[in-house]
K.L.:
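Right, I'll just put the structure down here and ask away after.
Indexing begins at 1, ligand by ligand and atom by atom, following the structure's order.
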Amino acid sequence: MKRRQAIQKGMLATGGLMLLRKSTTAETIQPKTNTAGFPLVISTWAPNVKANAAAWEILSKGGRALDAVEAGVRIPEADPEDSSVGYGGLPDRDGHVTLDACIMDEKGNCGSVMFLRHIMHPISVARLVMEKTPHVVLVGEGALQFALKNGFKKENLLTPESEKIWRNWLKKSQYDPMETLRHMKKPEDKRSKGGMDNHDTIGMLAIDQNGNLSGACTTSGMAFKMHGRVGDSPIIGAGLFVDNEVGAATSTGVGEEVIRICGSHTIVEAMRYGKSPQEACKIGVERMLKLRKDNIKDLQIGFLAVNKAGEIGAFSLRPGFTYAFRMGDGQDVVSEAESLLKN
Ligand code: GLY
């Protein structure tokens with residue numbers, strides 16, 4: 001419900017410039033105003049039009065896709081009202097906000113931080129891991145020390161609102177994380193059709209004016225997760241994958257399920273072998289359902305993909321997965337992905 005309102009508000013705020021359209025079939029969505037299909041930016045979840053606007057600032061001036069995706073996802077990371085990314089993210093069961101993020105460019109360079117605390121912009125730390133270290137991943141205390149040495153500020157990321165929600169959850173706390181997920185993501189959950197308001201990672205993909213691709217993915221992960229839990233978002237190949245010859249993909253939803261099928265890499269490989277971005281996203285969701293059957297029927301997973309030509313695709317397990325994009329003339333478009341299950 002909250003998301004639906006956000007979409008409608010967005011439409012009003014832009015005087016109707018923003019379109020809400022439903023992906024109807026497994027067709028690829030074609031860019032309308034620019035035959036090349038780029039620049040282009042696309043993000044998981046409709047409210048991330050704000051993140052796309054920040055990315056577009058860079059893309060529309062001829063900037064690099066890598067700079068655009070970093071700047072874009074920093075918007076929800078700093079937003080205290082976004083309860084699943086960065087500052088204001090819901091904590092783990094012990095009350096700690098722990099963040100996961102990764103970034104990947106057109107040359108196969110990538111960087112990731114996992115289980116990072118106290119730093120508002122994990123995506124920028126991930127970029128520094130990529131650019132300043134011989135490694136791809138830094139975790140926990142090591143990632144924090146690296147960030148502090150590179151000038152990042154130590155901050156309290158638990159907002160009073162998130163703390164209140166966590167304290168309320170504690171009253172009935174369930175130790176099994178999957179049980180917790182099932183409890184929180186029932187279809188009848190009033191907060192959103194897909195029951196995912198507590199779990200909306202931003203994954204962002206962009207193509208710049210030179211036709212180069214990059215992606216970024218950042219999250220506070222599953223609310224009330226076990227301390228130390230890491231999801232798909234910072235795992236290259238699971239939450240994000242970019243291959244500049246083919247395309248890029250990213251995911252949102254229950255990370256454990258995405259990791260099991262190496263989701264984003266699977267989708268990029270499907271595009272490599274001729275599938276459209278939309279078909280490739282559907283293949284990812286179908287594989288997951290085949291593998292996990294009844295285990296995932298109450299959960300939500302969504303994928304976004306772009307190919308080298310600037311065509312986009314989106315597909316989810318259940319209804320309610322929205323996404324936002326800008327291409328061509330820079331108009332905001334929000335849409336709801338087609339889903340495999342119908343409720
Ligand atoms: N997709 C985000 C997570 O599972 O942490």
K.L.:
Run the numbers for me: atoms of ligand 1, each under 4.0 Å from some heavy atom of Thr201, listed by number.
P.N.:
1 (N), 2 (C)
K.L.:
Among Thr218, Thr219, Asp100, exactly one meets side chain to side chain donor-acceptor pair (under 3.5 Å) together with Thr201. Which residue is that?
P.N.:
Thr219
K.L.:
Return yes when atom CZ of Arg287 has more than 12 non-hydrogen atoms of other residues, nucleotides or ligands closer than 6.0 Å, and no otherwise.
P.N.:
no
K.L.:
Charged N to carboxylate O under 4.0 angstrom, Glu77 versus Arg74?
P.N.:
no
K.L.:
As an exercise, identify every atom of ligand 1 less than 4.0 angstrom from a heavy atom of Gly253.
P.N.:
1 (N), 2 (C), 3 (C), 4 (O)
K.L.:
For Gly221, counting its heavy atoms only, list the atoms of ligand 1 lying under 4.0 Å from any of them.
P.N.:
5 (O)
K.L.:
With a 4.0 Å heavy-atom cut-off (strictly under), which part of Met222 contacts ligand 1: side chain, backbone, both or neither?
P.N.:
backbone
K.L.:
Just jot down the ligand 1 atoms closer than 4.0 angstrom to any heavy atom of Ser233, in number order.
P.N.:
1 (N), 2 (C)
K.L.:
Give yes if a backbone or side-chain nitrogen or oxygen of Val254 is under 3.5 Å from a nitrogen or oxygen of ligand 1, and no if not.
P.N.:
no
K.L.:
Taking only heavy atoms of Gly255, which atoms of ligand 1 are found under 4.0 Å from at least one of them?
P.N.:
3 (C), 4 (O)
K.L.:
I'd like to know whether ligand 1 has Arg229 as a neighbour, heavy-atom separation below 4.0 Å.
P.N.:
yes
K.L.:
Is it the case that ligand 1 has an N or O less than 3.5 angstrom from some N or O of Asp232?
P.N.:
yes
K.L.:
Using a strict cut-off of less than 4.0 Å between a Lys/Arg side-chain nitrogen and an Asp/Glu carboxylate oxygen, indicate whether Lys282 and Glu279 qualify as a salt bridge.
P.N.:
no
K.L.:
Centroid-to-centroid, Phe152 to His118, below 6.0 Å?
P.N.:
no
K.L.:
Please lay out, stage by stage, how Phe38 and Asp208 fare under the test side-chain contact (heavy atoms from CB on, under 4.5 Å).
P.N.:
CA-CA 6 Å; Phe38 45 80; Asp208 61 30; over 6 Å; no
K.L.:
Please check this pair: side chain of Glu106 against backbone of Ser214, looking for a donor-acceptor N/O pair closer than 3.5 Å.
P.N.:
no
